[in-house]
Amino acid sequence: MTYSNKPMAKVDTPLIEINNLSYAYPRRGSVLKDVNFSLYESERVVVNGDNGAGKTTLLHLIVGLKKAKQGDIIGFGETCKTEKEFNKLRAKAGLLFQDPDDQLFCPTVLEDVMFGPLNLGFTKQQAIEKSLQTLKDLGMQGFESRITHQLSGGEKRMITLASVLVMEPKVLILDEPTNALDEKAKTRLVNVLQALPQAMIIISHDKLFSDKLATRQLNLKDGLLTEQLAATVAVA
Amino acid sequence: MSQGLEHSLTSWSGQALKHQASWIDDIDARVRVVCSGLFALVVVSSQHFVPALLGLLCAFLLVKSSKLNIKRTLRRVVAMDLFMLMLICVLPFTTPGDPIFSVFGLTASWQGLLHALLITVKANAVLLVLFSLVATMSASTLGHALAHLKVPDKLVHLMLFMVRYLDVISQEYKKMRRAMQARAFVLRTNRHTWKSIGYLFGMLLIRSVERAERISDAMKCRGFCGRYYLNDEMKIGRVDVVFGVAFLCFLVLLIGLNIDDLFK
């Protein structure tokens, strides 16, 4: 699929904007210092950084799972402060967790994928239809009655992706999606992600993977988020 | 020790797959749960051998028709009967009545022995009925059946989550245990062993709590705000009605056998 690869061409409002965000853990000192960041339509931003640099913390702050000590998170034009506001943001910004087992908590695949739409207020029948359609789009048809904890690592990853995509988010936030995947599963994931229209924020230690996807690369070091020099940019 | 733990864990997730299909599988889960519950109530409160033995006979029939894996079932029954054996050894000495024999000045009584045997019969009957009616459904079906029977949501969720994550936690336990073995750790009765096993379980607890937090986060990310939806409709069919009525008639018979003696 082809998208215009010029994120700055559109000078409209960013989908997600972070202003002067700071966060500190009780015994680890500050992890994020005055971080500024904007995500625009059809961008795929990869955040690089060492272990423990605070990448996951940043993602969790964006969707409000952790509360910032200071700074603003503006999601889709609205400043989010309370749980209720973040709840609205989370429906539009789907977060994929590092460990698929954290996300798949229902006994069967279909129930798990349906969980999101039901929370959004769809009826059971609509939720089933949407879930089956999403599974089909990801090439996972026939998995709906499988038991979640008996799936392989690659299958679990695809199902978690389905469970996020079924909510039709505008932004995808991926926390090390290639963690513990083999080459085949990785290639499949790259192909699927490249075909998706959503803007993405991706954390990955996998150089090859991030080079294939990124339209912009950032570096998180010592609590500062900076544009990576000599950025390798994927041809989407 | 680890073996005992593993057994109890695998039996949860795998039971539904390990028996052959039978007509019992076609009966509605709710009917099965209610029937076995009432059966337990009636059998446990019976005062005499006749209804208890009839119950046991019914349990045998159900086990037969649900095509349980006999070896597996026996292993589980024996586990409970070992406990019952202790009861048989102890109860005669603690219940007053006609003496059978005496050891070290303690007298065993017929009444005590009969009481212990009655309890054993009841326990086996209830256990076997549970095996054939309830344990033949998958744990998630049981959860849904309970939810449809208006068991409080929290308890049902607790059970469904337990079913889902027991496996993950046992994996984590085994992983750590293997890592310990890889560094030449052998169970001994010394301070080092106790400390290490203590650490192991402490770490397991911490990891479970952290995982629980991450799961809760993941659920929030998908718009969870306290309501959990169950995805199935259960319908009562003809088979369910027939089975339910037949079973209830049998239970009435058992109750009748108990009352009958009152008039003598």
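Below, chain A is the first sequence line, B the second, and so on; all start at residue 1.
Glu83(A) touches chain B through its side chain: at least one heavy atom from C-beta onward sits under 4.5 Å away, while N, CA, C and O do not. Interface remark: Leu104(A) contributes backbone and side-chain atoms alike to the contact with chain B (heavy atom separation under 4.5 Å). Both the backbone and the side chain of Asp101(A) have a heavy atom closer than 4.5 Å to some heavy atom of chain B. With a 4.5 Å cut-off on non-hydrogen atoms, Asp175(A) does not touch chain B at all. Neither the backbone nor the side chain of Thr160(A) comes within contact range of chain B; no heavy atom of the residue lies under 4.5 Å from a heavy atom of that chain.
No more than 12 heavy atoms of other residues, nucleotides or ligands shown are found within 6.0 angstrom of CE on Met203(B). Counting non-hydrogen atoms of other residues, nucleotides and ligands closer than 6.0 Å to OH of Tyr199(B) gives a total of 12 or fewer. Counting heavy-atom neighbours within 6.0 Å of Phe250(B) CZ, excluding the residue itself, gives a total above 12. Other residues, nucleotides and ligands place no more than 12 heavy atoms under 6.0 Å from the NZ atom of Lys88(A). The local environment of NZ in Lys69(A) is crowded, with over 12 non-hydrogen atoms from other residues, nucleotides or ligands closer than 6.0 Å.
Minimum heavy-atom separation, Cys221(B) to Phe97(A): SG-CE1, 4.0 Å.
The CG atom of Asp217(B) lies 11.0 Å from the CD atom of Gln103(A); values are rounded to the nearest 0.5 Å. Within the model, atoms CZ of Phe86(A) and NZ of Lys220(B) stand 11.5 Å from one another, a figure rounded to the nearest 0.5 Å.
When Val63(A), Ile147(A), Leu65(A), Leu120(A) are compared by the number of non-hydrogen pairs under 4.5 Å with chain B, Leu65(A) comes out ahead.
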Margin query: Using side-chain contact (heavy atoms from CB on, under 4.5 Å), reason through Asp99(A) and Arg211(B) one step at a time and then give a plain yes or no.
Written below: CA-CA 10 Å; Asp99(A) 186 349; Arg211(B) 187 178 287 279; 3.3 Å; yes
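A donor-acceptor contact shorter than 3.5 Å is absent between the side chain of Arg222(B) and the backbone of Gly94(A). Remark: side-chain polar atoms of Asp102(A) are not paired, donor with acceptor, to backbone N or O of Arg214(B) under 3.5 angstrom.
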